[in-house]
Amino acid sequence: MRLSSCFMPTLKENPAEAQVTSHRLMLRAGLIRQTSAGIYIWLPLGLRVMRKIEQIVREEQDRTGALEILMPTIQPAELWQESGRYEAYGKEMLRITDRHDREMLYGPTNEEMITDLFRATVKSYKDLPLNMYHIQWKFRDEIRPRFGIMRGREFLMKDNYSFDIDGEAGRISYNKMYVAYLRTFARLGLVAIPVRADTGAIGGDLSHEFQILADTGESTLYYDKEIENFDLVSLTGDIDPTTIEKLQSLYAMEEEKHDAENCPVAPEDLRCAKGIEVGHIFFFGTKYSDAMNAKVTGPDGNLIPVEMGSYGVGVSRLVGALIEANHDDNGIIWPEAVAPYKVGLVNLRIKDDDCTAACDDLYQKLTTAGVEVLYDDRDMGAGGKFADMDLAGLPWQLIVGPRGLKNGVVELKNRRTGHREELSLSDAVNKLGA
RNA sequence: CGGGGAGUGGCGCAGCCUGGUAGCGCACCUGUUUUGGGUACAGGGGGUCGCAGGUUCAAAUCCUGUCUCCCCGACCA
């Protein structure tokens with residue numbers, strides 16, 4: 001993508017409304033624009049990052065055998081009246097009336113809807129286990145939206161729902177998701193600690209939150225310091241079951257569940273930290289299947305209420321959380337897996353024909369090699385280009401100017417380490433294309 | 001919802017106390033200049049001062065109401 005024809009409205013100064021790092025950088029780097037409290041427009045670069053996160057989440061879901069569907073954002077009130085949550089959810093729920101005066105709502109989650117789908121279609125234990133997910137916008141009318149995208153009212157969430165014949169099978173489904181979440185966050189380059197959590201409004205008895213440690217986090221966690229030695233970021237691909245067992249045996253509790261007096265971890269080994277919740281999984285048994293009469297015929301011919309779990313990942317929140325975990329004073333530092341582009345090609349002298357010819361050629365060669373390049377072909381000073389490129393946080397900057405070209409070299413800068421090296425043009429292409 | 005703060009060009013702000021024809025920096029446009037970390041000079045465009053009402057010869061400025069946004073808290077994925 002040529003920057004001259006891209007839409008990346010960067011800001012030199014900090015917007016007054018943004019106090020938190022990720023919020024500030026997202027506005028400054030031109031990833032989002034706010035339209036009202038907790039509601040945002042996603043601009044090209046921000047959207048690209050979110051799509052990449054979404055795709056990683058999707059791949060790890062598909063890998064477990066979960067099936068992707070897409071449920072609507074607008075739901076009928078009846079379903080929620082049936083489960084009892086229409087009243088219980090209170091003002092957080094955005095309620096809408098259609099032209100026929102029918103009560104509708106903008107979905108904050110989809111347990112009712114999928115349970116309704118299930119009971120209408122699945123009749124036999126032979127169709128279990130079943131696990132379906134979707135990646136869809138949600139709306140929760142927060143009392144106080146804050147931290148930019150991280151606590152918005154409208155947000156993109158991956159949520160899935162497991163259906164099993166009994167509690168034992170349900171827990172197997174739950175553990176599958178637990179593992180999928182470890183893999184997902186590892187691929188994103190995030191250390192997300194699974195902590196035991198309260199089940200809250202969703203209900204049930206088994207629940208983990210996946211928390212990224214960050215000072216700006218809203219949750220307080222207590223955990224065994226041993227977890228810090230756990231190499232969570234390398235947990236991609238197939239994960240050894242004993243690793244899971246060991247991880248689950250280590251103490252990690254959300255504040256509400258932490259009991260200082262009965263804590264099995266010695267005080268000197270206990271850590272307390274703030275975390276950003278990026279995933280939450282629940283096993284809640286028959287809470288909704290009982291309320292909504294979702295039953296299947298078992299092997300003995302009798303009707304059995306189905307055992308359910310639900311599992312969420314805050315896809316849009318992850319964009320902010322990733323920035324909280326990956327930035328410096330100059331801007332964002334994207335992990336390669338989610339960077340909007342891999343390389344920023346910086347043409348230092350657009351009016352120099354040789355320089356521009358070299359850049360055009362590099363752009364074409366890299367693009368052909370399948371490398372995602374953001375080519376800064378704007379006619380402006382070098383300082384502004386460097387500043388924008390650091391702000392945007394692409395993993396690599398390929399800097400091309402007349403000075404280096406005279407010696408047949410370009411400069412490759414690693415955004416994260418700041419390390420620079422001079423390379424011939426062909427070496428640069430080979431290195432980035434590898 | 002309780003407490004605090006703020007709405008003046010795209011962004012950051014001054015002006016308000018003490019009413020008198022709206023200003024600065026950045027950004028933008030034109031030209032010259034400059035060119036490896038936000039170059040310099042000159043010229044230019046853009047704002048019914050959140051909205052509504054009131055006071056006054058006159059309101060960004062004073063009064064009343066209202067909306068919005070931000071921060072702290074409680075709540076929540």
Side-chain angles (χ1 to χ4, degrees), chain A residues 9-20 23-24 27-28 30 33-39 88-93 107-111 137-159 197-202 207-212 216-219 254-256 275-282 310-318 320-321 329-331 346-352 355 376 378-391 397-407 409-411 413 418 420 422:
Chain A
T10 58
L11 300 171
K12 199 166 173 177
E13 292 176 273
N14 287 320
E17 80 256 24
Q19 305 292 322
V20 173
H23 188 198
R24 217 173 55 226
L27 289 166
R28 287 232 291 137
R33 278 298 157 100
Q34 180 167 321
T35 65
S36 56
I39 305 180
Y89 227 96
K91 289 187 166 179
E92 294 253 307
M93 179 182 281
T109 177
N110 289 70
E111 278 83 6
W137 292 93
K138 308 289 189 291
F139 195 95
R140 293 182 193 171
D141 199 357
E142 295 288 336
I143 298 170
R144 180 153 93 89
R146 59 185 121 174
F147 306 145
I149 218 66
M150 287 205 294
R151 187 162 204 75
R153 291 193 290 173
E154 188 183 50
F155 58 99
L156 187 64
M157 181 164 102
K158 184 284 302 175
D159 43 320
D198 258 355
T199 49
I202 297 207
S207 175
H208 284 89
E209 286 177 354
F210 289 77
Q211 297 272 359
I212 293 169
T216 48
E218 294 183 88
S219 317
E254 184 197 32
E255 187 171 34
E256 287 73 12
I276 300 169
E277 182 188 348
V278 290
H280 201 158
I281 59 179
F282 302 88
S310 74
Y311 316 88
V313 170
V315 175
S316 49
R317 175 179 285 182
L318 273 166
D329 289 345
N330 294 324
V346 182
N347 183 344
L348 287 176
R349 196 85 57 85
I350 194 80
K351 282 178 176 158
D352 181 305
C355 186
D376 191 347
R378 297 173 299 175
D379 184 13
M380 59 181 274
K385 292 194 174 197
F386 288 135
D388 273 354
M389 207 47 92
D390 283 350
L391 184 58
Q397 295 174 15
L398 187 56
I399 300 160
V400 181
R403 203 173 75 189
L405 284 177
K406 232 179 282 176
N407 304 316
V409 297
V410 292
E411 185 178 295
K413 175 183 160 185
R420 303 154 180 273
E422 294 200 327

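Letters A, B, ... are given to chains in the order of the sequence lines, protein chains preceding strands, and every chain is numbered from 1.
- Of the candidates B:C72, B:C26, B:A77, the closest approach to any side-chain atom of A:Arg146 belongs to B:C72.
- Rounded to whole Å, the separation between the P atoms of B:G53 and B:C11 comes to 26 Å.
- An OP1 or OP2 oxygen of B:C72 is reached within less than 4.0 angstrom by a side-chain nitrogen or oxygen of A:Arg144.
- Nucleotides B:C71 and B:U30 have their C1' atoms positioned 43 Å apart, rounded to a whole Å.
- Relative to the side chain of A:Ser36, the nucleotides B:A77, B:C75, B:C69 differ in distance, and B:C69 lies closest.
- The side chain of A:Gln19 contributes no N or O atom lying less than 4.0 Å from OP1 or OP2 of B:C72.
- Looking at the side chain of A:Asp388, the nearest of the listed nucleotides B:U35, B:G38, B:A77 is B:G38.
- Side-chain contact between A:Asp141 and A:Lys91: absent, with no pair of heavy atoms (C-beta onward) separated by less than 4.5 Å.
- If you check distances only, the side chain of A:Lys12 never reaches the base of B:G10 with a donor-acceptor pair under 3.5 Å.
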Practice task
Using the side-chain contact (heavy atoms from CB on, under 4.5 Å) rule, take A:Ser219 and A:Gln211 through it: C-alpha gap first, then chi angles, then the decisive distance, then the call.
Solution key: CA-CA 8 Å; A:Ser219 317; A:Gln211 297 272 359; 3.3 Å; yes
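- Residue-to-nucleotide contacts include no donor-acceptor pair under 3.5 Å from the side chain of A:Asn14 to the base of B:G12.
- Stacking of A:Phe155 onto the six-membered ring of B:A77 is present: less than 5.5 angstrom between centres, less than 30° between planes.
- In terms of position on RNA chain B, the residue among A:Arg28 and A:Leu11 whose nearest nucleotide sits closer to the 5' end is A:Leu11.
- Between the side chain of A:Asn407 and the backbone N or O of A:Val409 there is no donor-acceptor pair closer than 3.5 Å.
- Of the possible donor and acceptor atoms, none in the side chain of A:Lys158 sits under 3.5 Å from a partner among the backbone N and O of A:Val315.
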